[in-house]
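What follows is a set of notes on a single structure, which appears directly below.
Bear in mind the structure is a predicted one, so any value in this text is a computation, not a measurement. All chains are named by letter (A, B, ...) in the order of the sequence lines, taking the proteins before the strands, and each is independently numbered beginning at 1.
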Amino acid sequence: MEIPKTYDPASSEDRWYQYWLENRFFKSTPDNREPYTIVIPPPNVTGVLHMGHMLNNTIQDVLIRRARMMGKNACWVPGTDHASIATEAKVVAMLKEKGIEKKDLSREDFLKHAWEWKEKYGGIILEQLKKLGASCDWDRTRFTMEDDLSEAVIDVFIDLFRKGQIYRGTRMVNWDPVGLTAVSDEEVIYKEVDSTLYHVRYQVEGSDEWITIATTRPETILGDTAVCVHPSDGRYTHLHGRRIIVPIANRSIPLITDEYVAMDFGTGALKVTPAHDLNDYQLGLKHKLPSIDTLTPDGKLSDAAGHYIGEDRFVVRKKIVKDLDAKGHLVKSEPYKSNVGFSERTNAVIEPRLSMQWFLKMDTISKPALENVMNDNIRLVPDKFKNTYRHWMENVHDWCISRQLWWGQRIPAWYDQHGDYVVAKTEQEARTLFASRNKDFTTDTIIHQDEDVLDTWFSSWLWPISVFDGFKSPGNADIKYYYPTNDLVTAPEILFFWVARMIIAGYEYMGEKPFTNVYLTGIVRDKLGRKMSKSLGNSPDPLDLIAKYGADGVRTGMLFSSPAGNDLPFDESLCEQGRNFANKIWNAFRLINNWQQHATTNPIATERNKESVTWLKQHIANETANINDLFSKYRLSEALMAVYRLVWDDFCSWYLELIKPDMGGTLDDVTCRETVQCFEALLKLLHPFMPFITEEIWHHLAQRNQKESIMVSSWPQEGVIDPKTQQAFNAMQQLVSQVRNIRKSSNIPNKEPLRMLHLWGTEYSIQPYSEAISKLCNISSIEETSDKQSHMVPILAGSGEYFLDIKEQINTEEEIAKLTKEIEYVQGFLASVDRKLQNERFMTGAKPEVIALEQKKKSDAEEKIQVLREQIAGLGGNNR
RNA sequence: GGGAUGUUAGCUCAGUUGGUUCAGAGCACUGCCUCGACAAGGCAGGGGUCACUGGUUCGAGCCCAGUACGUCCCACCA
């Protein structure tokens with residue numbers, strides 16, 4: 001059978017993924033092995049795969065596949081998030097295209113459309129993850145809005161309410177007067193716009209005095225309930241305790257003092273409009289000021305404004321300026337740049353607006369979450385995020401958990417017509433509660449459920465518990481076995497939104513952390529450093545990339561340059577590098593496969609093959625230890641790079657070339673088998689990163705039955721390398737490189753054989769490789785000599801001295817210059833060592849082993865200089 | 001504005017407790033090479049005053065202070 005010269009991922013990937021699924025290798029059920037668990041950060045159910053998901057899920061798959069090979073019971077739980085804001089926005093947009101407005105639909109009808117949408121598009125992203133090779137236990141797929149999970153959310157809400165942790169209160173929300181809905185902070189886009197700062201003077205009650213304030217929003221004057229100055233502002237001290245008349249409205253309001261006011265801004269006097277500005281609202285709370293809401297939901301002036309009723313706020317702004325001017329209140333107006341929030345959806349100017357919301361108290365419930373991260377009970381990787389985390393957790397404010405949406409878990413609060421409310425799971429329970437509280441309450445009394453739903457994070461914070469049915473059936477086999485999970489892989493931007501809250505829920509409901517390690521990935525950026533996003537259109541389609549470079553190529557491409565916590569400046573050439581690597585592995589396989597076909601005639605291993613095999617086996621074991629160490633530190637990029645070099649440089653470039661038989665020859669049986677075994681070990685180390693190609697080659701190398709997948713094979717054993725083996729190998733490498741170098745610089749073609757001598761009495765650890773060296777550098781023979789060969793080119797490799805018989809052909813001057821440069825460097829080095837050794841304070845201060853090391857350096861350097869001088873002399877140079 | 005964090009080859013990053021065998025890796029770059037696995041390749045090279053300025057020390061990429069620039073999070077000043 002002819003094996004193609006290049007690896008073709010397309011013909012292999014789907015086949016192997018199918019094979020894994022059919023043999024249920026991703027499946028996990030509790031048993032007596034040690035569990036290793038990851039819960040996926042559930043992607044938006046209607047989302048499509050983007051580069052951030054690719055990075056995130058590649059990392060999870062690498063971790064889970066390695067754990068599985070290490071004999072753990074690996075369980076990766078997949079699922080999706082109902083993402084109320086994003087999904088509802090998409091459904092609203094879809095309906096709009098069909099000419100349907102959300103406000104014309106009943107709640108039930110809207111939700112019907114939403115569920116249809118979810119059924120149609122939900123889970124596409126999970127199918128896409130399969131292309132990437134994700135080894136999730138698909139039987140465990142969950143959805144944050146499925147019945148069981150929703151019930152858990154409602155139960156938790158009720159429980160926290162009963163514990164007194166949830167309360168109802170007013171809050172400033174971002175109101176979209178066009179969309180007629182509150183929008184989240186994330187959906188507000190701040191833009192700098194040119195506006196005007198108006199200086200308006202208010203009369204002090206009962207006097208001829210005036211006080212001038214500055215505002216960009218004069219139309220809100222009608223809602224003013226105080227004027228505020230800094231308590232130590234000398235300009236206004238005499239007015240403390242006086243009252244002020246609001247222009248146009250002619251209302252009397254107090255002058256208050258607060259240190260919040262910046263004396264150097266504007267006039268140092270601030271008009272306070274609690275209903276229409278967040279800071280003013282807080283001032284209002286502090287000073288117990290009334291709020292006058294002068295706007296209607298659609299941004300027109302309300303009855304409460306008393307003037308300009310029913311007119312748009314921007315029209316009123318112009319009118320009121322004119323009127324203020326006419327009445328002599330406008331002192332001056334100056335151009336001013338201010339930050340104005342716009343709705344991402346409707347582009348309308350956002351109005352801060354007061355509304356009733358539900359809150360979760362965070363002060364006590366968040367304590368264990370801070371503590372257990374600070375004491376490393378839960379580890380953040382990289383740990384620099386601990387500071388950020390602490391800062392946030394120490395300044396945590398109550399969590400607003402209600403959202404003015406329909407898609408999500410509806411708040412289980414019920415209101416009667418007086419606005420009194422109870423929290424209950426069903427209407428029936430609510431009625432019972434009302435009745436027990438109020439004698440007049442009858443079965444005929446109308447009550448209605450809260451229209452709002454809960455913040456999506458209020459369901460996803462339960463994810464590590466709810467996916468194992470920890471709420472539905474506490475103490476069940478799954479939750480006992482898999483919880484706490486091991487690693488969580490997610491983006492730092494949701495460290496607070498999600499990670500911190502999962503930790504809080506974990507301690508509150510399980511009395512235990514939800515996971516041990518949190519691996520924080522970076523953001524995938526384009527070449528210009530911009531975040532890759534759909535709206536910018538700067539993100540490649542992940543599936544196109546997979547089609548072009550193969551899933552293995554893309555996976556490795558993403559991991560080549562993304563240490564934990566660092567952004568990934570994505571470049572397609574990284575995937576190309578990954579693809580090239582796959583191809584390199586493929587061709588190593590082709591070579592070995594060829595040997596396998598013909599390796600029967602020559603059963604005796606040569607010394608060079610024996611030594612090479614010994615070195616390779618030890619080296620792989622040694623590197624496995626190194627790779628394990630990198631994994632334990634979550635240095636995935638470095639672990640990949642270590643495997644990359646081990647395979648490409650050590651295995652392909654050195655080992656395979658060493659044992660490669662002469663043209664027309666065959667490889668001995670023993671070496672062939674050992675080589676296959678080593679190659680299999682390398683494939684195992686590669687497997688977490690490149691699952692597809694490793695499985696493909698794994699099955700080509702040997703007859704294996706259905707159950708013998710590489711993904712359930714065992715991770716290679718660690719070991720140490722014998723220093724002598726290492727030393728011999730390194731000396732051989734040095735010698736070969738130097739001979740090649742001399743050939744290059746002297747223009748001696750490889751075809752021309754050269755004679756080499758080894759100086760008797762110096763290190764000859766390369767002996768087992770002498771035959772290999774002859775082949776790699778075309779040396780006709782290596783003879784021993786007892787004398788320095790002054791007429792030949794000297795080489796130092798390890799501490800062995802060699803002579804290459806080519807003096808006539810080389811550029812002696814160049815060689816001497818090279819050696820001289822080398823001497824200069826070593827002399828410089830020696831000088832610095834000497835300085836240290838002659839320094840009394842060093843000799844008395846430094847540790848004995850440091851001094852011993854320096855003395856060793858000194859003698860080594862001196863010896864080396866001696867040898868180099870002899871070499872220069874041998875070449876006829878000046879032996880200085 | 002508050003907090004965090006970073007600045008090491010053209011690019012992306014390593015550099016553990018300060019000790020010139022630590023200035024390193026991969027990619028990119030340069031030169032040579034179709035040699036029976038692989039040109040998606042082989043071999044050999046070039047390349048950095050470790051942001052800047054001071055300080056501590058016998059000795060600083062590593063410790064301290066300041067400066068410059070960058071990134072992230074939070075709050076966004078009427």
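Distance A:Met172 CE to B:rA75 C1': 15 Å, rounded to the nearest Å. If you take CD of A:Gln577 and C1' of B:rC27, they are 6 Å apart, rounded to a whole angstrom. Put simply, CG on A:Asn387 is 18 Å from P on B:rC72, counting in whole angstrom units. Rounded to an integer number of Å, the gap from CG of A:Asn566 to C1' of B:rC72 is 12 Å. The nearest whole Å value for the distance from the CG atom in A:Leu776 to the P atom in B:rA44 is 11 Å. The distance from atom CH2 of A:Trp399 to atom P of B:rC74 is 15 Å, rounded to the nearest whole Å. Rounded to a whole Å, the CD1 atom of A:Ile221 is 16 Å from the P atom of B:rA78. Atom OH in A:Tyr260 sits about 14 Å away from atom P in B:rA75, given to the nearest Å.
The side chain of A:His397 lies closest to B:rA75 when the candidates are B:rC76, B:rA75, B:rU71. The side chain of A:Arg635 lies closest to B:rG15, out of B:rG15, B:rC76, B:rA78. Of all nucleotides listed (B:rC73, B:rA4, B:rC76), B:rC76 comes nearest to the side chain of A:Asn279. Distance from the side chain of A:His391 is smallest to B:rG3 among B:rG3, B:rG41, B:rA4. Nearest nucleotide to the side chain of A:Thr6, out of B:rA44, B:rA40, B:rU12: B:rA40. Among B:rA78, B:rU5, B:rU12, the nucleotide with an atom closest to any side-chain atom of A:Lys384 is B:rU5.
Among residue pairs with one or both ends in residues 551-591 of chain A, those qualifying as ring pair (Phe, Tyr, Trp, His ring centres under 6.0 Å) are A:Tyr7-A:Trp586, A:Phe560-A:Tyr644, A:Phe581-A:Tyr644, A:Trp586-A:Phe589, A:Phe589-A:His700; sequence neighbours excluded. Applying the salt bridge (Lys or Arg N to Asp or Glu O under 4.0 Å) definition to pairs two or more places apart or across chains, those involving residues 629-645 of chain A are A:Asp629-A:Lys633, A:Arg635-A:Glu638.
Between atom CG of residue A:Leu640 and atom CZ of residue A:Phe631 there is a gap of 8.5 Å, rounded to the nearest 0.5 Å.
When the C1' atom is compared between B:rG55 and B:rG15, the two are found 24 Å apart, to the nearest whole Å. With both ends at atom P, the span from B:rA51 to B:rA39 equals 42 Å, rounded to whole Å. Comparing B:rA60 with B:rU17, their C1' atoms sit 14 Å apart, to the nearest whole Å. When the C1' atom is compared between B:rG3 and B:rG19, the two are found 36 Å apart, to the nearest whole Å. Nucleotides B:rU34 and B:rG26, compared at atom C1', are 26 Å apart to the nearest Å. Across B:rU8 and B:rU16, the matching P atoms stand 15 Å from one another, rounded to whole Å. B:rU67 and B:rC76 have their P atoms separated by 28 Å, with the value rounded to a whole Å. The same atom, C1', is picked in B:rU21 and in B:rU57; the two are 23 Å apart, to the nearest Å.
Of the options A:Asp224, A:Asn279, A:Thr215, a side-chain hydrogen bond (donor to acceptor under 3.5 Å, both in side chains) to A:Thr273 is made by A:Asp224 and by none of the others.
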Look for any protein N or O under 3.5 Å of an N or O in nucleotides 17-20 of chain B and output each such pair with its distance, or none.
| from | atom 1 | to | atom 2 | distance (Å) |
| --- | --- | --- | --- | --- |
| B:rG19 | O2' | A:Lys836 | NZ | 3.4 |
| B:rG19 | O2' | A:Glu854 | OE2 | 3.1 |

Distances for protein N or O near nucleotides 34-38 of chain B N or O, under 3.5 Å:
| from | atom 1 | to | atom 2 | distance (Å) |
| --- | --- | --- | --- | --- |
| B:rA37 | OP1 | A:Lys660 | NZ | 2.9 |
| B:rA37 | O3' | A:Arg590 | NH2 | 3.2 |
| B:rA37 | O2' | A:Asn587 | OD1 | 2.7 |
| B:rA37 | O2' | A:Arg590 | NE | 3.3 |
| B:rA37 | O2' | A:Arg590 | NH2 | 2.7 |
| B:rA37 | N7 | A:Lys660 | NZ | 3.3 |
| B:rA37 | N6 | A:Cys652 | O | 3.4 |
| B:rA37 | N6 | A:Glu657 | OE2 | 3.1 |
| B:rA37 | N3 | A:Asn587 | O | 2.9 |
| B:rA37 | N3 | A:Ala588 | N | 3.4 |
| B:rC38 | O4' | A:Asn587 | OD1 | 2.9 |
| B:rC38 | O4' | A:Asn587 | ND2 | 3.4 |
| B:rC38 | O2' | A:Asn587 | ND2 | 3.4 |
| B:rC38 | O2 | A:Lys584 | NZ | 2.8 |
| B:rC38 | N3 | A:Lys584 | NZ | 2.9 |

Pull out every protein N or O sitting under 3.5 Å from an N or O of nucleotides 7-10 of chain B, one pair per line with the distance.
none

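When heavy atoms are screened at a 4.0 angstrom cut-off, A:Arg743 is found touching no nucleic acid atom at all. In this structure, A:Ser637 reaches neither bases nor backbone, as no heavy-atom distance under 4.0 Å exists between it and the strands shown. Nucleic acid contact class of A:Phe560 (heavy atoms, under 4.0 Å, all strands): none. Using a 4.0 Å heavy-atom distance criterion, A:Leu568 is classed as making no nucleic acid contact. No engagement by A:Asp280 is indicated, since no non-hydrogen atom pair under 4.0 Å with the nucleic acid exists.
Of the N and O atoms on the side chains of A:Gln726 and A:Asn730, at least one donor lies less than 3.5 Å from an acceptor on the other residue. Counting only N and O atoms by type, the side chains of A:Arg590 and A:Asn593 include no donor and acceptor under 3.5 Å apart. Looking at A:Thr6 and A:Asn583, their side chains never bring a donor and an acceptor atom within 3.5 Å of each other.
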Might you work through the ring-ring contact (aromatic ring centres under 6.0 Å, His included) test for A:Tyr389 and A:Phe385, ending with a clear yes or no?
CA-CA 6 Å; A:Tyr389 183 87; A:Phe385 286 106; over 10 Å; no
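Each of A:Asp277 and A:Ser573 has a nearest nucleotide on RNA chain B; the 5'-most of these lies closest to A:Ser573. The 5' end of RNA chain B is approached more closely, in terms of each residue's nearest nucleotide, by A:Met641 than by the other of A:Met641 and A:Ser737.
For the OP1/OP2 pair of B:rG45 and a distance below 4.0 Å, the side-chain nitrogens and oxygens of A:Asn741 include at least one atom meeting the criterion. In this model, the phosphate group of B:rC73 is not approached by any side-chain N or O of A:Arg390 to a distance below 4.0 Å at OP1 or OP2. Using a 4.0 Å cut-off, no side-chain N or O of A:Tyr389 falls inside it from OP1 or OP2 of B:rA4. Look at A:Tyr336 and you'll find a side-chain N or O under 4.0 angstrom from OP1 or OP2 of B:rA78.
No donor-acceptor pair closer than 3.5 Å links the side chain of A:Arg579 to the backbone N or O of A:Gly553.
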Pairs under 3.5 Å (Watson-Crick or G-U), crossing ones as [ ], inter-strand ones as |: RNA chain B comes out as (((((((..((((..........)))).(((((.......))))).....(((((.......))))))))))))....
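Ion pairing between A:Glu351 and A:Arg313 holds under the 4.0 Å rule for side-chain N and carboxylate O.
In this structure, A:Ile795 and A:Gln734 have side chains that are not in contact, with every pair of non-hydrogen atoms separated by 4.5 Å or more.
Checked by distance alone, A:Arg740 brings no side-chain donor or acceptor within 3.5 Å of a matching partner on the base of B:rA44.
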